[in-house]
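Values reported hereafter were calculated over all heavy atoms of this structure, with side chains retained and with hydrogens, waters and symmetry mates removed. Because the structure is predicted, anything quoted here is derived from the model rather than measured.
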Amino acid sequence: MIDHQTEQTLQPLTVRVATAVRITGLSRSRIYELIQSGDLETIKVGRATLIQFRSLRNLTQT
C-alpha cells in the first residue's frame with residue numbers, strides 16, 4: 001500500500017500530448033515540432049502518442 005506522502009512524490013512515466021500542452025503552456029503544434037525534432041521522446045500505444053515525462057521535464061528545466 002502506498003502512503004499519502006509517497007503518492008504526492010510519484011510522477012507519471014508518460015503524458016498525452018494534451019496534458020503536455022496544458023502543463024507547459026506550449027501550443028499543440030509546437031509540442032509536435034519538438035517530437036519531430038527529437039527534443040521530446042515519445043512512445044506509441046495503439047493510436048495514442050505518449051510523451052516521456054522525464055523528457056518533458058528535461059526540456060522545461062534547461
Original post:
Which atoms form the tightest heavy-atom contact between Ile31 and Ala20, and what is the distance?
Top reply: CD1-CB, 4.1 Å

Original post:
Atom CD1 in Ile51, atom OH in Tyr32: separation rounded to 0.5 Å?
Top reply: 7.5 Å

**OP:** List the steps, then state whether side-chain contact (heavy atoms from CB on, under 4.5 Å) holds for Thr42 with Gln52.
**Re:** CA-CA 6 Å; Thr42 62; Gln52 300 277 343; over 6 Å; no

Original post:
Mind checking whether Val15 and Leu50 sit in one hydrophobic cluster, side chains of I, L, V, M, F, W, Y counted as touching below 4.5 Å?
Top reply: no

Original post:
Please walk me through it: do Thr49 and Lys44 pass side-chain contact (heavy atoms from CB on, under 4.5 Å)?
Top reply: CA-CA 5 Å; Thr49 300; Lys44 292 288 279 185; 3.1 Å; yes

Subject >> Atom of Ser55, atom of Glu41 and distance for their closest heavy-atom approach >> reply: OG-N, 2.9 Å

**OP:** Please examine the side chains of Ile23 and Leu56, heavy atoms only from C-beta on, and report whether any two atoms are closer than 4.5 Å.
**Re:** yes

Original post:
Any idea which heavy atoms bring Leu26 and Val21 closest together, and the distance?
Top reply: O-CG1, 3.2 Å

